[in-house]
Amino acid sequence: MAEGEFFRAASPQEAAGLLAQHGGSARVLAGGTDLMVAVNKRMFKPQVIIYLGDAGMSGISQEGDALLIGAATPLSVIQASPLVADKTPLLAAAIKQMASPAIRNAGTIGGNLANASPAADTATPLLALGASLKLVGAKGEREVPLAEFFTGPGQSVLGADEIIAQVKVPAQPAEAKWAYRKVGKRKAQSLSVVSVAVYCSISGGQVSGAAIALGAVAPTPLLAQDAAGLLQGKTLDEATIAAAAKAAAEATSPIDDARGTAWYRKRASEAVVKQLLTELAG
Ligand SMILES: Cc1cc2nc3c(=O)[nH]c(=O)nc-3n(C[C@H](O)[C@H](O)[C@H](O)COP(=O)(O)OP(=O)(O)OC[C@H]3O[C@@H](n4cnc5c(N)ncnc54)[C@H](O)[C@@H]3O)c2cc1C
């Protein structure tokens, strides 16, 4: 097969079966906004492409206290969903700031996560909300917390014959406080230099649960657990916020690249976490 083969999988199981059959020469294709850029740059040439758009993996529904988002759901559909706006507004806010309308029409949530970029913009809100992924492989399926999914830049626990079929996102309680900020070189069509999602439950004036997630400041999207722990049981006052912001920055291990220096990213991490927690303190 010199020029390659193209398959339209009719189900996640069929896609996984095709991956198992064709091994390392195969890649799944969702919106193509990462994959085709890499192919066009001749970073690799897949011999077999398995398209996921007809695999029944697109759509958003509610199951109990969680939203189930098909991995092949375009970002623009998630952004426009009244269910997402109502139940997980933190995710909607992050997607709104991604890329451009054209890229959001093609790009999918599963592609963004599977690509495993440290700057993947859906990863920070999903980490803060405690999302998990349904992975379907040739031999069965498993559920993996997103916090355990990423292992390095472009790397994850996804097996060679596995695909992400679904993202499960716990709904935000109506009283929960949240904020998201993306720092990029431009306002649109720009990868994050730093992104931060914060999420807090507050009862009786004290924090009863908190999560702080940062993007583009470590080899993987990062859940700053020690920093969030410093908020637990506390009032969101100036000293508590400053301590948490400092701890969040200490958890980062950024690099210099074309978009920003490690020095800037560490300082911006602290500043943005501080800013967002101060906003939550109201
Ligand atoms: C101009 C431009 C601007 C961009 N701006 C942003 C931005 O602001 N923020 C951001 O985070 N990203 C940005 N991106 C990156 C990209 O658009 C997103 O990561 C997008 O969500 C990728 O989804 P996709 O469906 O296009 O993935 P694809 O390109 O189809 O796939 C990406 C990778 O994931 C694999 N894959 C896809 N779906 C699955 C699945 N369900 N299971 C397993 N593996 C899968 C593919 O094999 C491939 O390796 C930008 C890209 C471009 C070209």
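Only heavy atoms go into these numbers, but all of them, side chains included; no hydrogens, no water, no symmetry mates. One-based numbering, in listed order, for ligands and for the atoms of each. We count residues from 1, following the sequence as given.
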Ala120 heavy atoms, cut-off 4.0 Å: which ligand 1 atoms fall inside?
11 (O)
In ligand 1, which numbered atoms sit nearer than 4.0 Å to a non-hydrogen atom of Asn112?
10 (C), 11 (O), 12 (N), 18 (C), 19 (O), 21 (O), 22 (C), 23 (O)
Among Gly31, Gly111, Ala102, closest by any non-hydrogen atom to atom 37 (C) of ligand 1:
Gly111
Glu162 versus ligand 1: do any nitrogen or oxygen atoms come within less than 3.5 Å of each other?
no
Could you please spell out the steps behind the side-chain hydrogen bond (donor to acceptor under 3.5 Å, both in side chains) verdict for Thr252 and Lys266?
CA-CA 7 Å; Thr252 68; Lys266 216 172 230 313; 3.1 Å; yes
Of all heavy-atom pairs between Pro170 and Thr88, which one has the smallest distance, and what is that distance?
O-CG2, 3.8 Å
Minimum heavy-atom separation for Ala16 to Asp161, with atom names?
CB-O, 3.4 Å
Using the rule given for salt bridge (Lys or Arg N to Asp or Glu O under 4.0 Å), can you reason through Asp257 versus Arg265, listing the C-alpha separation, both sets of side-chain angles and the distance that settles it, and then say yes or no?
CA-CA 10 Å; Asp257 68 12; Arg265 286 185 152 110; 3.1 Å; yes
The atoms of ligand 1 lying under 4.0 Å from a heavy atom of Leu35, numbered in the order shown, are 28 (P), 29 (O), 48 (C)
Where ligand 1 meets Gly32 - atom numbers and elements under 4.0 angstrom, heavy-atom basis:
24 (P), 26 (O), 28 (P), 29 (O), 30 (O)
My understanding is that we take every heavy atom of each candidate and find the minimum distance to atom 13 (C) of ligand 1. Doing that for Val39, Leu52, Leu191, which one comes out nearest?
Leu191
Between the side chain of Asn40 and the main-chain N/O of Met36, is any donor-acceptor distance below 3.5 Å?
yes
Backbone N/O of Lys274 and side chain of Thr278: donor-acceptor pair under 3.5 Å:
yes
Identify each donor-acceptor pair in which a side-chain atom of residues 199-214 lies under 3.5 Å from a protein atom, sequence neighbours left out, and give them as a table.
residue	atom	partner	partner atom	Å
Ser208	OG	Ser201	O	3.3

Would you name the heavy atoms of Glu148 and Val157 that are closest together and state the gap between them?
O-CG1, 3.4 Å
Is it the case that ligand 1 has an N or O less than 3.5 angstrom from some N or O of Gly107?
no
Report the member of Ala114, Ala106, Ala26 with the shortest heavy-atom distance to atom 35 (C) of ligand 1.
Ala114
Quick test of your reading of the structure: of Gln97, Lys182, Met36, whose heavy atom lies closest to atom 8 (O) of ligand 1?
Lys182
For atom 18 (C) of ligand 1, the option (of Asp34, Thr108, Leu29, Ile49) bearing the nearest heavy atom
Asp34
Evaluate Leu75 for polar contact with ligand 1, using N/O atom pairs at a separation under 3.5 Å.
no
Check whether Glu279 reaches the backbone of Ala179 with its side chain - one donor and one acceptor, N or O, closer than 3.5 Å.
no
Residue Ala30 vicinity, atoms of ligand 1 by number, heavy atom under 4.0 Å:
25 (O), 30 (O), 37 (C), 38 (N)
Where's the contact between Leu158 and ligand 1, heavy-atom distance under 4.0 Å: side chain, backbone, both or neither?
side chain
For the CD atom on Glu238, are there more than 12 heavy atoms of other groups (residues, nucleotides or ligands in this structure) within a distance under 6.0 Å?
no
Passes salt bridge (Lys or Arg N to Asp or Glu O under 4.0 Å), Glu250 versus Lys246? Steps please.
CA-CA 6 Å; Glu250 278 165 4; Lys246 187 163 179 278; 3.3 Å; yes
How far apart are the closest heavy atoms of Gly110 and Ile164, and which atoms are they?
O-CD1, 3.8 Å
For ligand 1, which atoms sit closer than 4.0 Å to a heavy atom of Ala71?
41 (N)
So, regarding Thr122 and ligand 1 (criterion: nitrogen or oxygen to nitrogen or oxygen, under 3.5 Å), is there a contact or not?
no
Mark up the atoms of ligand 1 that fall under 4.0 Å of a heavy atom belonging to Ala119, in ascending order.
11 (O)
Which bit of Ile103 is near ligand 1, meaning a heavy atom under 4.0 Å away: side chain, backbone, both or neither?
side chain
With heavy atoms only and a cut-off of under 4.0 Å, state how Ala99 meets ligand 1: side chain, backbone, both or neither.
both
